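In each ligand, atom 1 is the first atom listed, and ligand 1 is the first ligand listed. Scope of the values below: all heavy atoms of this structure, side chains included, with no hydrogens, waters or symmetry mates. Predicted model, so just to flag it, every value in this text is computed and none were measured.
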Amino acid sequence: MSDKQPGFETLQVHAGARPDPATGARQVPIYQNTAYVFRDADHAAALFNLQEVGYIYSRLTNPTVAALQERMATLEGGAGAICCSSGHAAQIMALFPLMGPGLNIVTSNRLYGGTVTQFSQTIRRFGWSATFVDTDDLAAVEAAIDENTRAIFCESIANPGGYITDIPALAAIADRHGLPLIVDNTTATPYLCRPIELGATLVVHSLTKYLTGNGTVTGGCIIDSGTFNWSNGKFPSLSDPEPAYHGLKFHETFGHLAFTFHGIAIGLRDLGMTMNPQGAHYTLMGIETLSLRMDRHCANAVKIAQWLEQDPRVGHVTYAGLPSSPYHDRMARICPKGASSLFTFSLKAGYEACVKLIDHVNLFSHVANLGDTRSLIIHSASTTHRQLTEAQQIAAGAAPNVVRVSIGIEDADDLIADLDQALAKATA
Ligand SMILES: *Cc1c(COP(=O)(O)O)cnc(C)c1O
């Protein structure tokens, strides 16, 4: 054995997985199981008091889900991780210990559409609010922070425009204000971007996308860096006595694992947004090939974006992997191995041509998803962004003449041929 830290490709296969202690099974078994037998009454009491770590009930912990948590924490370089039922659940679970009525987050205005709705509408029912800012305007980020702010939120590679966030610049602002920086790393995955190394406190994921990678699972995950000082006076849920555990103080008791323990012992216990073991198993299988798939997703996306960029029927292509992108320079610092495979392009012939293009593709699937081995296409203005005004659609990068693609791992020439024939029919 050498002293070298195992590489990403080794960890994506091995982290969190060991031969099953009961049977020797080499693949992580699906523990399709709800409750766990206590050794005796003292063991049960110690588990319920959080004095001993173990399995009680699968709403809180499950061995298959625990293997995935350990793998995600390792791949992101975090201290711990909590898996949950979807990417949107992960966002609520990440904010829950930090927030309370009257408190707010400062967030990038370049976000997944569902997140814009969650942050601008739904969280208000909890008395929380979000201030949306252009995170390239660091003075605006700074100005949006007030005494009630409890986190800064952004996506590493933002959906759908191929925008790359300057994570170290936001981390510096968060640090100055004693706030955690939360980064949604769904589009990049830990293979392309490592937000914790760039200064993030928490990383959230939709496991539904590239991590599982094949369109079979809805899941989410929060990874904690373990480096944040939760006892700075702003985060009483983590620093002050917790009545539901006899006055236990999470930060004092669990140190760098405070957020992870709180997420399981309070978050999953009481919000119940639990990931199921079958889903965790599929995601573990998907992650085994993450680097191979992401390399291929990125290479295909570069090839197809370059082909589209030179096509006279196409207007603008927004892929950060293209040297012509204004965000290309940031790639070297934020996601040096590639810019993932999600981007948009516009058609000079406008809205009607976009709708016809979608109707005439054969290999691309017309679905509202991304990060699948299959190539996906959607016309946002007539689907996901249909309820918005044209001005709002343009601001969201979903103008009427724009199509969004998530490039899969098929033969790139086949994908180009499919787009070429559909473009011919759409613009005839
Ligand atoms: C899909 C997605 C989400 C939401 O994840 P679900 O698993 O669908 O709940 C959040 N953020 C980004 C960037 C996404 O792509």
Sub-3.5 Å N/O-N/O distance, Thr218 and ligand 1 | no
Select one of side chain, backbone, both or neither to describe which atoms of Leu111 lie under 4.0 Å from any atom of ligand 1, heavy atoms only.
-> neither
Nearest non-hydrogen protein atom to atom 6 (P) of ligand 1, with distance, is Gly87 N, 3.3 Å
Does any N or O atom in Glu155 lie less than 3.5 angstrom from one in ligand 1, N or O only?
-> no
So between Thr186, Asp184, Thr115, whose heavy atom ends up nearest atom 11 (N) of ligand 1?
-> Asp184
For atom 1 (C) of ligand 1, what's the nearest protein heavy atom and its distance?
-> Lys209 NZ, 1.4 Å
Numbering as shown, the atoms of ligand 1 that approach His88 to under 4.0 Å (heavy-atom distance) = 4 (C), 5 (O), 6 (P), 9 (O)
Any atoms of ligand 1 less than 4.0 Å from a non-hydrogen atom of Gln91? List them with their elements.
-> 10 (C), 11 (N)
In ligand 1, the atoms that come under 4.0 Å of a heavy atom of Leu370 are 15 (O)
According to the interplanar angle, ranging from 0 to 90°, do the rings of Phe254 and Phe261 count as parallel (below 30°), tilted (30 to 60°) or perpendicular (above 60°)?
-> parallel
With under 30° as parallel and over 60° as perpendicular, where do the rings of Tyr319 and Phe343 fit, or are they tilted in between?
-> tilted
Measure the acute angle between the ring planes of Phe8 and Tyr191, then classify it against the limits of 30° and 60° as parallel, tilted or perpendicular.
-> tilted
Between the side chains of Glu76 and His205, is a donor N or O closer than 3.5 angstrom to an acceptor N or O?
-> yes
State which residue, out of Asn185, Thr165, Thr189, Thr187, fulfils the side chain to side chain donor-acceptor pair (under 3.5 Å) condition with Ser156.
-> Asn185
Name the orientation class of the two ring planes belonging to Trp230 and Phe235 (parallel below 30°, tilted from 30 to 60°, perpendicular beyond 60°).
-> perpendicular
So is Gly219 close enough to ligand 1, meaning a heavy atom under 4.0 angstrom away?
-> yes
Quick one: do Asp311 and Lys348 make a salt bridge, cutoff under 4.0 Å?
-> no
